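Here's the structure, in structure tokens; my notes come after.
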Amino acid sequence: KRYYEALDTMDKRPQLLEMYPAELEGLMEWNGHVLSSKNDVLQYFQNLPPTKHVIECLDAQPLPGNNDADAFIVTASGKVVYDEEHTRMFYQRFVLRKVDTKYYIVNDYLRWTGEKLE
């Protein structure tokens with residue numbers, strides 16, 4: 001919830017960077033755009049038009065070998081409206097890993113799955 005609220009609020013988008021580890025090394029792909037540094041991620045988020053996400057399905061599962069509750073895969077799907085006019089269906093997958101006492105998004109993959117005409 002916190003992630004999409006920040007993404008949908010233009011001046012809060014830089015706060016999203018706190019959710020990613022210091023080194024991304026190409027661990028993020030948004031609709032075909034590979035983002036390999038925090039600067040790339042920030043520029044991409046800042047260049048997005050205003051958005052409004054509606055999450056229709058959310059699931060989280062532990063990854064195999066997750067004895068210490070330190071790694072999960074989270075999937076989200078729903079719709080996003082860009083510039084209050086272009087609606088797209090999307091699927092997003094995050095891999096969360098615990099580093100010290102904080103969970104970080106260590107892999108982020110977003111893909112549009114369709115366009116909704118209204």
Side-chain angles (χ1 to χ4, degrees):
K1 182 177 176 179
R2 183 177 147 218
Y3 180 90
Y4 293 104
E5 286 175 353
L7 190 57
D8 289 341
T9 307
M10 299 287 279
D11 61 339
K12 290 185 179 181
R13 287 181 178 173
Q15 295 174 9
L16 290 168
L17 294 182
E18 298 170 11
M19 296 180 184
Y20 296 91
E23 299 297 323
L24 286 176
E25 300 287 329
L27 296 176
M28 183 177 200
E29 184 174 333
W30 268 49
N31 210 43
H33 300 276
V34 176
L35 307 171
S36 58
S37 72
K38 281 196 170 187
N39 188 52
D40 292 344
V41 172
L42 180 60
Q43 284 184 331
Y44 191 81
F45 284 158
Q46 287 181 328
N47 289 332
L48 284 175
T51 59
K52 175 63 179 152
H53 288 79
V54 176
I55 305 305
E56 296 173 348
C57 184
L58 181 67
D59 185 50
Q61 297 292 324
L63 289 172
N66 190 19
N67 298 330
D68 297 322
D70 63 352
F72 296 88
I73 186 165
V74 178
T75 58
S77 61
K79 65 181 179 181
V80 57
V81 180
Y82 294 95
D83 275 334
E84 297 182 11
E85 58 185 58
H86 301 298
T87 302
R88 300 217 186 235
M89 307 308 291
F90 76 93
Y91 166 85
Q92 190 162 15
R93 177 196 67 220
F94 303 98
V95 174
L96 302 178
R97 180 158 308 275
K98 189 175 184 180
V99 177
D100 296 323
T101 59
K102 184 176 177 181
Y103 285 92
Y104 291 96
I105 299 170
V106 297
N107 187 276
D108 183 353
Y109 175 86
L110 179 130
R111 199 72 168 157
W112 292 330
T113 58
E115 189 168 0
K116 188 171 183 179
L117 303 174
E118 296 187 29

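All figures in this text were calculated on a predicted structure; none of them were measured in a lab.
Note: His33 and Tyr44 have tilted aromatic rings, judged against thresholds of 30 and 60 degrees for the angle between ring planes. Using the six-membered ring where Trp is involved, Phe90 and Tyr4 have ring planes that are tilted, between 30° and 60° apart. Using cut-offs of 30° and 60° on the angle between ring planes, the pair Phe45 and Trp30 is perpendicular.
Closest heavy-atom contact between Thr9 and Glu5: OG1-O, 2.9 Å. The two residues Leu48 and Arg13 come nearest to each other via the heavy atoms O-NH1, 2.9 Å. Across Leu16 and Tyr20, no two heavy atoms sit closer than the pair O-CD1, 3.3 Å.
No chain of hydrophobic side-chain contacts below 4.5 Å, direct or via other Ile, Leu, Val, Met, Phe, Trp or Tyr residues, connects Leu7 to Val54. Note on Leu110 and Leu58: same hydrophobic cluster, where clusters join Ile, Leu, Val, Met, Phe, Trp and Tyr whose side-chain heavy atoms are under 4.5 Å apart, directly or indirectly. There is a path of hydrophobic side-chain contacts, each under 4.5 Å, that joins Leu63 to Val106.
The backbone N or O of Ala71 sits less than 3.5 Å from a side-chain atom of Asn66, completing a donor-acceptor pair. Side-chain atoms of Lys38 come within 3.5 Å of backbone N or O of Leu17 as a donor-acceptor pair.
By the 4.5 Å heavy-atom criterion applied to side chains, Glu56 and Met89 are counted as neighbours. In this structure, Met28 and Val34 have side chains that are not in contact, with every pair of non-hydrogen atoms separated by 4.5 Å or more. Within the 4.5 Å cutoff, the side chain of Glu84 has no heavy atoms near those of the Pro49 side chain. In this structure the side chain of Lys102 reaches within 4.5 angstrom of the side chain of Glu18, judged on heavy atoms. A heavy-atom distance below 4.5 Å is not found between the side chains of Ile55 and Gln92.
Screening Leu96, Asp59, Ile105, Val95 for a side chain to side chain contact (heavy atoms under 4.5 Å, CB included) with Val74, the sole residue that qualifies is Leu96. A side-chain hydrogen bond (donor to acceptor under 3.5 Å, both in side chains) with Arg93 is found for exactly one of Asp108, Asn107, Thr75, namely Asn107. Here the options are Tyr3, Tyr103, Phe94, Tyr104, the test is side chain to side chain contact (heavy atoms under 4.5 Å, CB included), and the partner is Met19; only Tyr3 passes.
Taking OH of Tyr82 as the start and NE2 of His53 as the end, the distance is 5.5 Å to the nearest 0.5 Å.
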